[in-house]
Amino acid sequence: MISPLMPNYNRADLAFEHGEGAWLFDTAGRRFLDFGAGIASSSLGHGHPHLTQAIAEQAKRVMHVSNLYRVPGAEHLAQRLVEASFADSVFFCNSGAEANEGLVKALRKTMADAGQPERVRVICCDGAFHGRTLAMLAATGNPKYQAGFGPVVDGFDHVPFNNMNALRAAITPQTAGVLIEPIQGEGGIRPATMQFLRDLRATCDEFGILLGMDEIQTGMGRTGKLFAYEWAGIEPDVMSLAKGLAGGFPMGAVLAKERVAKALVPGSHGTTFGGGPLACAASNAVLDVILAPGFLDEVVTTGQYLWAGLEKLRAKYPTVFTEVRGMGLIVGLKCAVPNTAAQNAAVAEGLLTVAAGDNVLRLVPPLIVREAECDEALARLDRAAQHLMPAMLEAAK
Ligand code: PLP
């Protein structure tokens, strides 16, 4: 008989009762170090006093009013995001896929408003992940996710990642823009090179098309800058955010330059819950913490510390881990054994991670993680790796 929860997830048999910082405690009282952070979302960890207080206080005052009215918390949050980014204006929604849908609509409408309605196509990269709605399945382009869901939405072209010649060759008179992750997250923590991102900016300008960045996983401090595009010294025209935006409370956003944002005139786009008082209170609290002086520098330092430890592990267990990649606190360990086996071995040692594409084990701890907790994670991974050595795996068969 089918379970009341639809069977679309292969869930681990773990249920968490509460969390503190980078730790989660399950219903059986076991402690887990959370280097998955709810898939790179619980940016302030669990039970962060500033975040939980902001949510509790706002919930008591007013939780939802709809976008028929002004929402002061949303106005304040938008102002702060504009001041801290390339953007002139922000649209709030509820998830990553919804943010990307809004981003693509904005790309097309900008072109239509500029007298080029034929420019509807968006170039995406092989290995991308942009979400699970019908259009974002097409943008993601992975046949595995599309199978059985009928005709793939038209309007998305795919090129190899980090290949500028291929990207330039794919631009046609129907191209509206490009949608790219600065670091492919689900695809296996595969960073775009800085040169590729700079060339991409120049190419979009050269052809008069728009540059859209999906910073749903890389944004909000994860790489050690508020947004990953900053590392390349470029600016997109439009960007999607979600995941860490409200520290684990569901929220998404589209940030855009005026030229793009003004295409979304009243009635052209919307969402009932987007930018509600509760989500905005959560996100404003997250920004209070992330934008505090020194916080992002610490993400960089902690990331370097974790990276150095992982490099040692890779050298110690070359038959288990073959590469460390990523940036800041979004790190991938490419595995020589199945990444799901590595994930399970880590769970057995009380360490939560997330599997990603390209046989990668993803480490995306809360941004508040301390070096001592990185040491603990490394020790647990070391023990997990011992069980993953080919001889051990063979013996366990
Ligand atoms: N884009 C990227 C880069 C993501 O990592 C994800 C989620 O993993 C999404 C989009 C989709 O976000 P959501 O699951 O909130 O719809």
Side-chain angles (χ1 to χ4, degrees), residues 6 8-11 36-43 91-107 122-142 144-146 149 153 156 158 161 177-192 197 211-223 227-229 236 238-255 271 273-275 279 282-283 286 325-332 339 352-358 360-364:
M6 279 201 197
N8 58 319
Y9 287 106
N10 259 329
R11 297 169 193 272
I39 320 185
S41 299
S42 306
S43 42
F91 165 78
F92 292 118
C93 54
N94 307 286
S95 72
E98 191 190 0
N100 279 336
E101 291 274 345
L103 183 153
V104 170
K105 282 177 76 177
L107 290 182
V122 176
I123 297 175
C124 302
C125 289
D126 293 342
F129 185 82
H130 297 299
R132 300 279 198 159
T133 56
L134 286 171
M136 287 311 117
L137 284 180
T140 295
N142 185 335
K144 201 176 81 186
Y145 300 143
Q146 294 168 344
F149 293 111
V153 172
F156 298 91
H158 286 84
F161 193 47
V178 175
L179 176 59
I180 186 170
E181 297 159 87
I183 301 174
Q184 290 188 338
E186 302 302 307
I189 317 298
R190 301 201 304 158
L197 291 177
L211 175 54
M213 283 210 173
D214 178 340
E215 291 234 25
I216 286 164
Q217 194 155 157
T218 54
M220 297 305 288
R222 176 117 328 253
T223 66
F227 304 113
Y229 70 77
V238 55
M239 172 173 78
S240 50
L241 295 177
K243 290 202 181 281
L245 179 58
F249 194 90
M251 188 179 208
V254 181
L255 278 67
T271 175
F273 291 119
S283 188
V286 168
R325 60 199 197 202
M327 199 174 219
L329 288 174
I330 174 167
V331 188
N339 59 349
L352 305 177
T353 61
V354 194
D358 199 27
V360 159
L361 191 68
R362 184 172 14 168
L363 303 178
V364 278

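None of the values given here were measured: they were computed from a predicted structure. Counting starts at 1 for both ligands and their atoms, following the listed order.
The contact shell of ligand 1, taken as protein residues with any non-hydrogen atom closer than 4.0 angstrom, comprises S95, G96, A97, N100, F129, H130, G131, E181, E186, D214, I216, Q217, K243.
The two residues F91 and T271 have their closest heavy-atom pair at CZ-CG2, 3.6 Å. Taking every heavy atom of both residues into account, A139 and H158 meet most closely at O-NE2, 2.6 Å. Residue N94 comes nearest to F273 through the heavy atom pair OD1-CB, 3.3 Å, listed as atom of the first residue, atom of the second, then distance. S43 approaches G244 most closely through the heavy-atom pair OG-O, 3.3 Å.
Take E181 and apply the side chain to side chain donor-acceptor pair (under 3.5 Å) test, not counting sequence neighbours, and it matches no residue.
Taking the side chain as every heavy atom from C-beta outward, N8 and R132 never approach each other to under 4.5 Å.
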